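One structure is given below, encoded as structure tokens.
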Amino acid sequence: LIALSMAAAVAFSGLRDPRIRRLVGVGALVTAITLCNSHDYIRRNDFTFFENMVRVTPNSAKARLGYGYALLQAGMKNEAAQQFEAGLKIIPDYPELLTTLAMTRMTTTECSQAWPLLHRALQIDPQHPDTHRRMGDCYFKEGKILEAESMYRHAVESIPFADPLLYLMWGRTLESTGQTE
């Protein structure tokens, strides 16, 4: 960019007519403002960023994961599932995609459609912390508190910066097993 800017400055200084210089200068300024504003529009949040990433690179499993997760956070489960499934067509053995797709298959009371995906993710990477976390969620929903506590413990020990909801769920399982401290 520095070399390009220097070349543009040399070319600009070669213009002798002040009207043409003004026209080129204003045109360059308008172009720069438009590019900056479009960049801000695309990067204003995860949703627009990953939506654009999927549009530009549709064969990126990570773009599909990011966009699907943004859709999931927005409450758009079906659309999120479509993105995760598209990502799995690109990389079939991607634990993150399997685990987040499992999240779209969970209900408030059961995980029958999520379990096959979680087991497959665990087969691919037995130490994948988010898989353990989501398995903990499913065990908790099914009332299997000891199993849930074990999964949450593994996730907390493996995720460097676990979010508060994980700690809350782990705490609930610890309380339920009598470990109030």
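A quick note: this is a predicted structure, and the numbers were derived from the prediction, not measured.
Considering only heavy atoms from C-beta on, M106 comes within 4.5 Å of L118 through its side chain. Looking at D137 and Y152, their side chains come closer than 4.5 Å, going by heavy atoms from C-beta outward. Contact check for I159 versus L166: side-chain heavy atoms found under the 4.5 Å cut-off. Between L174 and T180 the shortest side-chain heavy-atom distance does not fall below 4.5 Å. Taking the side chain as every heavy atom from C-beta outward, R19 and L23 never approach each other to under 4.5 Å. Proximity of E96 to L98: side-chain heavy atoms (C-beta onward) are nowhere separated by under 4.5 Å.
One distance of note links OG of S150 with NZ of K144; it measures 13.5 Å at 0.5 Å rounding. The CD1 atom of I145 lies 7.0 Å from the OG1 atom of T173; values are rounded to the nearest 0.5 Å. Put simply, CD on E79 and NZ on K77 are 12.0 Å apart, with the number rounded to the nearest 0.5 Å. With rounding to the nearest 0.5 Å, the separation of CZ in R105 from CZ in R134 is 15.5 Å. Between the CD atom of Q83 and the CD atom of E51 there is a distance of 9.0 Å, given to the nearest 0.5 Å. Interatomic distance, CE of M151 versus CE of M169, reported as 14.5 Å (0.5 Å rounding).
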For V156 and Y167, run side chain to side chain contact (heavy atoms under 4.5 Å, CB included): C-alpha distance rounded to whole Å, both residues' side-chain angles, the deciding distance at 0.1 Å, then the answer. CA-CA 7 Å; V156 165; Y167 284 108; 3.5 Å; yes

Before giving the answer on side chain to side chain contact (heavy atoms under 4.5 Å, CB included), spell out for V24 and L15 the whole-Å C-alpha distance, their side-chain angles and the decisive distance to 0.1 Å. CA-CA 9 Å; V24 170; L15 298 173; 4.0 Å; yes

Check the pair R120 / D93 against side chain to side chain contact (heavy atoms under 4.5 Å, CB included), numbers first and verdict last. CA-CA 8 Å; R120 185 169 155 212; D93 294 331; 3.6 Å; yes

Begin from the C-alpha positions of Y69 and M103 and carry the test side chain to side chain contact (heavy atoms under 4.5 Å, CB included) through to its verdict. CA-CA 10 Å; Y69 197 75; M103 290 171 60; 4.2 Å; yes

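When all heavy atoms of I90 and P58 are compared, the pair lying nearest together is CD1-O, 3.7 Å. Contact between T100 and L65 at its shortest, heavy atoms only, is OG1-CD1, 3.4 Å. Considering all non-hydrogen atoms of both residues, H132 and P126 come closest at NE2-O, 2.8 Å. When all heavy atoms of A63 and V54 are compared, the closest pair comes out as O-CG2, 3.5 Å. A80 and L72 make their closest contact through CB-N, 3.7 Å (heavy atoms, listed as atom of the first residue, atom of the second, distance). The two residues I124 and Y94 make their nearest non-hydrogen contact at CD1-N, 4.4 Å.
Judged by distance alone, the side chain of S158 and the main-chain N or O of A155 form no donor-acceptor pair under 3.5 Å. The main-chain N or O of M53 is found under 3.5 Å from a side-chain atom of T57 such that the two form a donor-acceptor pair. A side-chain donor-acceptor contact under 3.5 Å links T104 to the backbone of L101.
Side-chain atoms of W115 and E110 form no donor-acceptor pair, as typed in the model, at a separation below 3.5 Å. For the residue pair H154 and Q127, a side-chain donor N or O sits within less than 3.5 Å of a side-chain acceptor on the partner.
Within a 6.0 Å sphere centred on NZ of K141, other residues, nucleotides and ligands contribute more than 12 heavy atoms. More than 12 heavy atoms of other residues, nucleotides or ligands shown are found within 6.0 angstrom of CZ on F140. For K62, the NZ atom sits in a loose shell: 12 or fewer heavy atoms of surrounding residues, nucleotides or ligands are nearer than 6.0 Å. Within a 6.0 Å radius of CZ in R153, more than 12 heavy atoms belonging to other residues, nucleotides or ligands are found.
Neither V56 nor F49 shares a network with the other; the hydrophobic side chains, linked directly or stepwise wherever heavy atoms of I, L, V, M, F, W or Y lie under 4.5 Å apart, form separate groups for each.
Using a 4.0 Å cut-off between charged side-chain N and carboxylate O, R21 and D17 make no salt bridge. A salt bridge is absent between E157 and R133: the closest approach of a Lys/Arg side-chain nitrogen to an acidic carboxylate oxygen does not fall below 4.0 angstrom.
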